[in-house]
Amino acid sequence: MHRSPPGARGFLIAIGLLGGALTVAALAGLLLFWALQAAFPRPVEEGYPGYLILIFGTLVLIPILVVLGRRVPYLTDWYYLLPAITFLLAFTVFPIILTTYYAFTDYTGLRNGKPDRSTETTIVRVEGRQLFVEGNAHDLLRCDEPDCAGQALEITTRTQRARVRVEQASGGVITLTAPPPFPPTLVYKINEFRFIGFRNFVEIFSRAGTVLIPVLVWNIIFAAGAVVVGAIPGLILGLMLNNKNLALRGFYRTALIISWAIPVVISVQIFTAMLNVQFGPINRLLGLLGAYPIPWLTDPEWFKVSALLICLWLSFPYWMTATLGALSTIPDDVYEAAKIDGANGFQTLTGITLPLLRQPFIPLLLGSFAYNFNNFGLIYLMGPQPGVEGRPSTAQAGDILITWAYKTAFQADGGQAYGLGGAISILIFFLTMAISLINFRFTGALREVR
């Protein structure tokens, strides 16, 4: 094994070189793909498969790694991390960069940077910078400006395509800012998105009183409530099942952990069916007892109660198991000494068991809070929610920040309001980071050992 520079310096050098090699290979693969398209054009409908970029990038990466291995011998010891770094860059770093970029743009389903095929217009002839079409160019291309000034267009032939900009359009004549690189036959409008700075964040905070703050408050209540309704029953059951004199203790442990083994998707769907206002068995049972049916999923407040009830079912086995695991680490000698000293069961519980459980439970509680703070699956799987007056359809009664961001990004403004959704995601990132720092503070994870 080659010797590397010590400590963090060697780690950063290795990760930097490997990450740089992957980035260079990816860019080279993309450039080679574009060069192939330019040198050997194919019909637009067919094109070249995208996986060629991966093949080209791999062919470039191999000699880069060989050269780096010779120049920096210890780097070869890090090559086993290459797949992990690749997936980290592709599925973590790149989405973060892209989300941050979109957060400062007006990217939506209507402004997605792609050609609008509904504006396809046939070009009759080309003279220099002028494209002649049949009819009024402004109406055919549906430009935002009266004379289409600055509008981005895509011009195509059967095998070529290029993007150009309009200087002006009048009647059936489109004047470009530069001559087209080839004689085009068709032209489309490009639905451009623009950099708008902090406008998305301004929009979010301008509706803070009606959307951001209510959603954030419910998000905190939901995360804390999910921890409480799961941890307390799980703790009690764990303490009860820890009793060695309890008959059928193994059966109870197995039976109570079943809800943890059932997939979340199935559990949530079953609960939503059981809580159905008209046909759910819970309301039918309440009707037999003479009670009025409860609008579990149709009333804003009862919807929130339903979400916490489902959290109870999903999470108490985890806390029960965690309690049993922590209790198994407490020596029996401690309890025997307390018994000799005359301590009763309650005194043993409050003076020995609970204090010894506090240390391992604190990081679990904080970690569970952070998880439930972004518990997208539960809220989303509960289905349609009751609306709240004054709020958009993307931020309904039970929505938390992450579902609000998702609905904004994929169900608003043509289905792709990535700009506003990205801005919400950045806010969630900072909130989650704050929770993590609090977790590190309580658990001492960042504290240096001396």
Side-chain angles (χ1 to χ4, degrees), residues 1-40 42 47-105 107 113 363 367 370-371 373-374 376-377 402 405-406 409-410 416 418 421-422 425-426 428-437 439-440 443-449:
M1 180 177 289
H2 303 287
R3 190 170 182 179
S4 62
R9 179 171 173 267
F11 173 78
L12 293 176
I13 291 174
I15 295 299
L17 289 175
L18 291 177
L22 288 170
T23 303
V24 170
L27 293 175
L30 191 60
L31 291 175
L32 289 173
F33 182 76
W34 288 341
L36 177 66
Q37 287 181 320
F40 304 99
R42 298 178 65 177
Y48 286 96
Y51 62 77
L52 287 178
I53 300 175
L54 180 61
I55 295 175
F56 292 150
T58 303
L59 294 176
V60 173
L61 179 63
I62 292 174
I64 292 177
L65 293 179
V66 173
V67 172
L68 286 176
R70 292 177 178 176
R71 294 293 183 89
V72 190
Y74 76 86
L75 191 63
T76 56
D77 299 330
W78 291 81
Y79 282 179
Y80 71 93
L81 286 177
L82 202 59
I85 296 174
T86 303
F87 280 100
L88 181 68
L89 291 173
F91 299 108
T92 301
V93 176
F94 177 70
I96 290 175
I97 295 173
L98 196 62
T99 299
T100 305
Y101 168 68
Y102 282 154
F104 296 93
T105 67
Y107 193 124
Y371 168 78
F373 192 83
N374 288 323
F376 170 84
I402 189 66
Y406 174 84
F410 297 103
Q416 293 177 329
Y418 287 155
S425 299
I426 290 177
I428 297 173
F429 166 76
F430 283 111
L431 289 170
T432 307
M433 184 173 64
I435 294 171
S436 300
L437 291 175
N439 192 350
F440 292 147
T443 60
L446 299 180
R447 194 178 302 146
E448 294 185 2
V449 179

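Residue numbers count from 1 along this sequence.
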Distance-only criterion, 3.5 Å: show the donor-acceptor pairs between side-chain atoms of residues 11-39 and protein atoms not counting sequence neighbours.
unit_1	atom_1	unit_2	atom_2	d
Thr23	OG1	Gly19	O	2.9

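- With rounding to the nearest 0.5 Å, the separation of CG in Leu81 from CH2 in Trp78 is 6.5 Å.
- Put simply, the side chain of Thr76 gets close to the backbone of Pro73: a donor and an acceptor are under 3.5 Å apart.
- Taking the six-membered ring for Trp and thresholds of 30 and 60 degrees, Phe91 and Phe87 have nearly parallel ring planes, at less than 30 degrees apart.
- Across Gly421 and Ala409, no two heavy atoms sit closer than the pair CA-CB, 4.3 Å.
- Between Gly422 and Thr99, the closest heavy-atom pair is CA-CG2, 3.8 Å.
- Considering CG of Leu431 and CD1 of Ile402, their distance stands at 11.5 Å, rounded to 0.5 Å.
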| task | May I have the step-by-step check of side-chain contact (heavy atoms from CB on, under 4.5 Å) for Phe56 and Val60, ending in yes or no? | result | CA-CA 6 Å; Phe56 292 150; Val60 173; 5.6 Å; no
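- Legend: residues meeting side-chain contact (heavy atoms from CB on, under 4.5 Å) with Thr105, ordered by chain and number and at least two apart, are Tyr101, Tyr102, Tyr107, Phe193.
- For Tyr371, the side-chain contact (heavy atoms from CB on, under 4.5 Å) criterion is met by Asn375, not counting sequence neighbours.
- Atom CZ of Phe94 is surrounded by 12 or fewer heavy atoms from other residues, nucleotides or ligands within 6.0 Å.
- How far OG1 of Thr92 is from CD1 of Ile97: 11.0 Å, rounded to the nearest 0.5 Å.
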